[in-house]
Structure formats: C-alpha cells, structure tokens
There are 2 protein chains.
Amino acid sequence: MHRNRVTSRDVAKMAGVSRTTVSLVLNNVQGIQISPETRQKVIQAAKELGYVPDAMAQALVSRRTKAIGLVLTRTHHHIATDAFLPKIISGLLTTAKQHNIRILIDWVETEHQESAYFELARAKRIDGMILSTPRLDDKAIRALESADIPTVLMGSVVGSTLPFVDVDNVAAAEKAASYLIELGHREIACISNAPPEYTAAPERVQGFRNAMARAGVPVNERLICYADFDPESGYRSMKSLLESGERFTAAFVASDNVAIGAKSALREAGLRIPDDVSLVGFDDIPWARYSDPPLTTIRLPAEALAQQACSLLLNLIQGKGNRENHHIILETELIVRKSCKAIQ
Amino acid sequence: MHRNRVTSRDVAKMAGVSRTTVSLVLNNVQGIQISPETRQKVIQAAKELGYVPDAMAQALVSRRTKAIGLVLTRTHHHIATDAFLPKIISGLLTTAKQHNIRILIDWVETEHQESAYFELARAKRIDGMILSTPRLDDKAIRALESADIPTVLMGSVVGSTLPFVDVDNVAAAEKAASYLIELGHREIACISNAPPEYTAAPERVQGFRNAMARAGVPVNERLICYADFDPESGYRSMKSLLESGERFTAAFVASDNVAIGAKSALREAGLRIPDDVSLVGFDDIPWARYSDPPLTTIRLPAEALAQQACSLLLNLIQGKGNRENHHIILETELIVRKSCKAIQ
DNA sequence: CTTTTCTACTAACACGTGTTACTAAATCGT
DNA sequence: ACGATTTAGTAACACGTGTTAGTAGAAAAG
C-alpha cells in the first residue's frame, strides 16, 4: 500500500470530527466534554486504521522525547568485556518500561567529551542522561553541572553536585578486607578494579587501607595495584605481583571480572585457592558462584542501582525535588563462599 | 540563563540573514550559491551561540530519526545474565557511530509481541530495527516481513525472507563435535544453549548429530538436552545428565555461559576436566580463556556479527539493494585450549 | 422573551527544521 | 542599451502533533 502513513487527520476524517477532537479523545484529556458516542467513533476509527501517533511530532511539540540516554565513556574494548553491562541495561529497561520510556545508548569518545555531552543535550534527543562509571578527571562533568539537562551519575564523583546512585565503596571494601583479616591473614594483596582515575578504584583501595589500619596491620604498598576492568588486566596484575617476590596469603580483588584473570595467574603459578591464597572478589557477577572454588565476594546490587538511577532521573525530568542533594547509596553484602581459608 | 533554547532563527538574526540561509550553510547544501563572507558569518554565529539543531524537528521533517532499535525479546533475567550482550552493543556502537546513528534499546515482552513491534515501527521512533535471538515460533516475525520498517535478524529463522546475519551453527557445532570424535570419544553428551524454540539451539544439536553420523558413532538420545542461556541452567542440565546414570567421556556445551554452570556440576560430582570428561564450549566469551582449564571452544565473532547487522540495516534504510536475499554468514573457528584430552 | 451558562466541539497557532519556488540585483553577451 | 543569464538570497510551505482561545447551539435562569 502506498498510503502507509496514518495521521491523526485520517482518523479525524474517518470519524467525521476535527483533528483536535481526535487528540483530546486519544490522550484522554480531563476536564473537557466529549459525548460518549463521538468518543467511541474516534476510538473505533483509530483502531481500525491502526493509528499510532508520530513520536517525533509529539516530542517536538511537547519538548519531551520519552527517551533517556545511557552514556558510556569507556573504550570499545572495555565495553565489550564489561560483565556488568547486561545487569545495568536490564535494570534500566525494567524501570523505563514501567514509565513508557525508551533507552538510548550513546558512546562518547574520551577525546571529544566536552562537546559530545553538550551536543547530546542540546539536540534534545533525550530528556535526561545517566553517566556510567565516571572518571575523576572528567572535566565535562563540571560543565554538565551548569547545563540544563537532567543528569544522574552511576558512581560518585567527589566534589560534584550532580545527583548520583552508588554503593559505599569504601565500606564495602572494608568489609571484604576485614573478613580476610578476621581469618588471620596479615599479608594481603589488593588489586583494584580500575585505574585510579575511575572514582570507585581509589575508594575501594581506601576501604582496604581502613580495614588494615583498624586492625593494626601494616600495609605493604608493593602489594597494592590497579587493574583495568577486564580479566586480561587481572591476569597481568596478579602475575606481576607474584613476580615481585612479595609474599601474600590472601588477595582482595575489587572486581570479579578482574578476579577471573587473577585466578588464572595464580593457577599458572601452581598456587591453589584457598589453600595457598585466599581470594575475595567484588560485584558478584553470575560467574562467581559457579567458579572453582565458588568465589567469596561483595554483592553489588547492579540492577537495583540501575533502577534507582532511572527513577531518580525520571523524577528530575518531571521536576520533582530539587536537583541537588539527590544521593542514593545502596547496601552491599559479603557473600561468603569457598575461596577463603583461615590461617592457623 | 533563561533563554536556553537556541534555534536556527537566533543564528539567522545574529548573522543578519534568513533562516533558510542558515540551514543551507550549516548543512553544506551543494549546488547553491552563498558568498564566502555570508557563509562565514553564519558559521561564526552558530558557533558563538552554541547552536545544535533540534533532532526531533529534523526527524519530523526528514522522516529519518537517525536511530536504530536493538530489540530484545527475552526475559528480564536472561538479559541480565547474557554474557554476550556487551559485545553486541560494542559492535553496534562502533558501526553506528561511524554513520552518526544512535542506538535505541527496546524490550518487547513476549505476550505483547505482535502489537509491540508495530507500535515501535509506526511511531517512527527508529529508522529500522535489529531483532536479537529470534524464536522459531515468533509469529510477529511473519508480520514484520510485510511491514514497512527495515528489519535485520541476528540469528536466522527458517522460512523467513527477512535479511539476517548469523554464523553457520550447524557447521560450527559439527566442527566442535568432530574434534571430540577425532580425540577418540564416542560417548558424548550435548547440552544445547537454549530451548528448542530459539533457532540456534536445534541447529547446534543438528551439527552435533551430523558429526556423529558422519563418523558412524551412534547417538545416545538421553545424552542430548537443552539448557536455558544462563549458568544456572547449565548446572542443572549437567547435574541431571550425571544423575541419569548414562556414561559419557566428553560433552559439547553449545554456550560458554552455560558451560560455566556445567563445569561447576562436574566438579561437584568429583569429575576432573579433561581427565574424566572433555569439554568443548561455544561462543568464546572473555571468561573462556581464563577458565580452569582454559576452555576449548568455538569462537563466534559477536562484534563482527553486530557490525555486519548494523551495516546491512543501514543499507536497507538507505534503500540500497533489494530487501530480500540479504543473508550474511560469518565464519567460526575452533579455539583449541586445554579442556579436552584424547582417549587411549 | 432575553440573557446567561453549559455542552460539544473546532479553527488556528506553536514546536524547529528542510526544501521548493520565487525575486531582486548584478553580470554578461551582442 | 537591452534582454538573458547568473548570483545571492528569501518567503512560504510541509512535517504531525498538543493546546489555547473561541463559537454555534441548546439548555437554564431571570
């Protein structure tokens, strides 16, 4: 059929009313009087023609696109190996669906950050955006604070006034390290999840330090290192730790995805978990409980995080609440499995 | 600033020209004459005001939203545990970025499929869509064939005329099974990646059967079962296989994600890989090479698949090529690691 | 019977852009 | 010097919707 675009005008013509009436009926506008039979005629015509309002036209006139952006700022490779992304998307999708909102994924290359955020905002393709895993040195974030587009961070940035949703990384890491210390370990390695520019990384190291300090255990600085999100980096980090000759009986690896590689390096060195080295992870990705041995880890409520971020953003968009002091912190939980052993 | 919306009219006013001229200059329309100094004035004004054209208005008038949809049809839980999604998204993102196209993720609940696809198409929020992991019994797919929206499937559906991008699942599975047979195994279990409604699942089983038939090895039907995407289902499948009492010296698990759970079940039963049971996976997710032992698997070029799907869709949108007979099949590769052992 | 109120609608504008048809001035050819 | 062509630009329409202001007719009030 050549006449494949059905507009509200077609519906109006078929129902024998004006286009305005069609709009009023289909949007169920309150406080206006339309006779029941006219109402019925319009609904019938719309159904018969298979009328679906043009989203772009609606967006243009209402200044609402009914879409929010999930903005990824990491490299191609890091996105591809991110074991966490599916949960984020799943969480976002459920909350967004409830409000009849779509999700637009966008990828901002690090070099063009400043302009890219703004183009996205100015083009008004989305009503608001969620920034995932922000970096401390991300200058564009400062700029966004004064911009006019609602923004929620997943993961906090110190000193930023933007709303965020996060876990208490320091407390969570402290929980993990304390567990190892309670088991009698004193020589503990710490491999953080990412380079220090990503805020969660130094926070988790800080949590590790706090636990050590609180227990009066000296920290060996040479046992602290920073991985880079993926298993490969975990493998390299653990390998260089082993080659350094420093002794350790346990390791806190602040990301399960990184732990996948770290475990592999330990195995290659002939070390067994938990007999030779105890291991605690972070995140509780699906793999963790099926790992050999099942990995003791900190459960990060990824989907809930995403859902909260989405709800918060939707509130911001609707203008509910002031845009400052919107900080949501979710609870973490230590999941004890079989990768740790007490020192006798 | 209260006057935060910059339109082309503002640019026109500042440059002292008409709105038409602004449009002509900024879109670099060929075959029209504008003096260099006017051109410069417009560009200068646009930059000074930080003008970014309104995407919705552009979409409305051009009938192009510059966005494509990635439509997920699986359950909440399956999306959250899909170890494959990040690669798909990464691949889509790279190709889309090159063409300055955005990606809209949408989630269609199985009950509302028929209407949901159409609303998406009719609302014209996207220029085309990519359907991931289609089901054989998806009636809506038939309907889409006669619809007016460009659609590409990731994974084929037998009997559908829609363009698709896929690997040769039969041949790939055959490769995996043949490898096990060449190592001397004759009692081989087969755990497919998903329920039979998902096209890839029976195809991979068929490949397994072909290999067995070609080598003249009888197939034990009780050693064939279907998992459900996630590690949990792999664990259950392997467990019931072990409890059935049927003997097998090797297993072909048609999904690495499922293999994560299957391995866990084997371990619990006190069976060692590869000494007691040889294992071949499918997909080559990042975990596979760091697994213990490193998993021999079929590499599925997920990112390339996504990129091809994206390119194909963009061609379709631009009207290049007829919409039938667009079938792209990518190559798979057997990656031999350490999870298999020859039978003496 | 006239005026007011209510009912059931509709005409017209706004959103911000791309594009076609048109025009006034300048240049050119002879 | 005068029509023909080129140059440089503009006015006006279209895209499809939401919404405000307004109106004809009927009912109610005085």
Side-chain angles (χ1 to χ4, degrees), chain A residues 3-43 45-46 49-67 119 121-127, chain B residues 3-43 45-46 49-67 119 121-127:
Chain A
R3 181 83 194 89
N4 53 16
R5 186 93 208 119
V6 178
T7 76
S8 67
R9 184 165 281 112
D10 299 325
V11 177
K13 190 157 290 177
M14 181 164 179
V17 297
S18 78
R19 216 176 51 67
T20 305
T21 306
V22 173
S23 173
L24 294 176
V25 169
L26 297 183
N27 292 336
N28 225 332
V29 176
Q30 299 299 322
I32 207 125
Q33 311 279 10
I34 305 276
S35 76
E37 52 262 36
T38 306
R39 203 174 278 271
Q40 204 47 49
K41 263 193 299 182
V42 169
I43 291 173
L49 292 170
Y51 169 67
V52 178
D54 185 295
M56 297 303 124
Q58 282 182 318
L60 178 58
V61 67
S62 72
R63 315 302 303 144
R64 285 280 145 80
T65 64
K66 304 207 121 199
E119 285 195 25
R122 282 249 151 76
K124 285 281 179 196
R125 195 184 284 277
I126 52 180
D127 297 331
Chain B
R3 181 85 195 88
N4 53 17
R5 186 90 211 123
V6 179
T7 76
S8 68
R9 183 166 282 110
D10 299 324
V11 177
K13 192 158 289 179
M14 181 165 179
V17 296
S18 78
R19 217 176 49 66
T20 305
T21 305
V22 172
S23 173
L24 294 175
V25 168
L26 296 183
N27 291 336
N28 225 333
V29 177
Q30 299 300 320
I32 208 119
Q33 311 279 7
I34 305 277
S35 78
E37 53 262 35
T38 306
R39 202 172 280 270
Q40 202 49 48
K41 262 192 301 182
V42 170
I43 291 172
L49 292 171
Y51 169 67
V52 178
D54 184 295
M56 296 303 124
Q58 281 183 317
L60 180 58
V61 67
S62 71
R63 313 304 301 143
R64 285 281 147 80
T65 65
K66 302 206 124 202
E119 283 194 27
R122 281 248 150 76
K124 285 280 178 198
R125 194 183 285 277
I126 51 179
D127 296 332

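Chain A is the first sequence line, chain B the second, and so forth, proteins listed ahead of strands; every chain is numbered from 1. None of the values given here were measured: they were computed from a predicted structure.
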Within 6.0 angstrom of K13(B) NZ, more than 12 heavy atoms from elsewhere: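 Not more than 12 within 6.0 Å, no.
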Would you classify [X] as touching base, sugar-phosphate or nothing, given that sugar-phosphate means primed atoms plus P, OP1 and OP2, and contacts are heavy atoms under 4.0 Å?
X: I34(B); value: sugar-phosphate
X: S8(A); value: sugar-phosphate
X: V17(B); value: sugar-phosphate
X: Q58(A); value: sugar-phosphate

Rounded to the Å, how far apart are [X] [atom1] and [N] [atom2]?
X: R64(B); N: dA14(D); atom1: CZ; atom2: P; result: 21 Å
X: R9(A); N: dC15(D); atom1: CZ; atom2: C1'; result: 10 Å
X: R125(B); N: dT17(D); atom1: CZ; atom2: C1'; result: 14 Å
X: K66(B); N: dG18(C); atom1: NZ; atom2: P; result: 11 Å
X: E37(B); N: dT7(D); atom1: CD; atom2: P; result: 15 Å
X: R5(B); N: dA14(C); atom1: CZ; atom2: P; result: 18 Å
X: Q40(B); N: dG9(D); atom1: CD; atom2: C1'; result: 18 Å
X: M56(B); N: dT17(D); atom1: CE; atom2: P; result: 15 Å

Closest-nucleotide 5' rank along DNA chain D - winner of A57(B) and Q33(B):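 Checking each residue's closest nucleotide, the 5'-ward one belongs to Q33(B).
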Which nucleotide in [options] has an atom nearest any side-chain atom of [X]:
X: R19(A); options: dA12(C), dG16(D), dC9(C); value: dA12(C)
X: T7(B); options: dC15(C), dT10(C), dT17(C); value: dT17(C)
X: L60(A); options: dC15(C), dT19(D), dT17(C); value: dC15(C)
X: D54(B); options: dT19(C), dC15(C), dT17(C); value: dT17(C)
X: S35(B); options: dG16(C), dA8(D), dG16(D); value: dA8(D)

Nearest-nucleotide comparison on DNA chain C, the residue closer to the 5′ end among V61(B) and P36(A): P36(A)
So, OP1 or OP2 of [N]: does either fall under 4.0 Å of a side-chain N or O from [X]?
X: T38(A); N: dC9(C); result: yes
X: T21(A); N: dC9(C); result: no
X: S62(B); N: dG18(C); result: no

Donor-acceptor under 3.5 Å (Q33(A) side chain, G31(A) main chain): no
R125(B) side chain to E119(B) backbone, donor-acceptor under 3.5 Å: no
Student check: side-chain heavy atoms of I43(B) and K41(B) closer than 4.5 Å: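 No, their side chains stay 4.5 Å or more apart.
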Presence of donor-acceptor pair under 3.5 Å, side chain of T20(A) and base of dA11(C): yes
With sequence neighbours excluded, residues passing side-chain contact (heavy atoms from CB on, under 4.5 Å) with V17(A):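 Here the qualifying residues are A15(A), T21(A), V22(A), T38(A), V42(A).
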Positive for side-chain contact (heavy atoms from CB on, under 4.5 Å) with L60(A), one of R64(A), R63(A), Q58(A), M56(A):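 When R64(A), R63(A), Q58(A), M56(A) are each tested with L60(A), the side-chain contact (heavy atoms from CB on, under 4.5 Å) holds only for R63(A).
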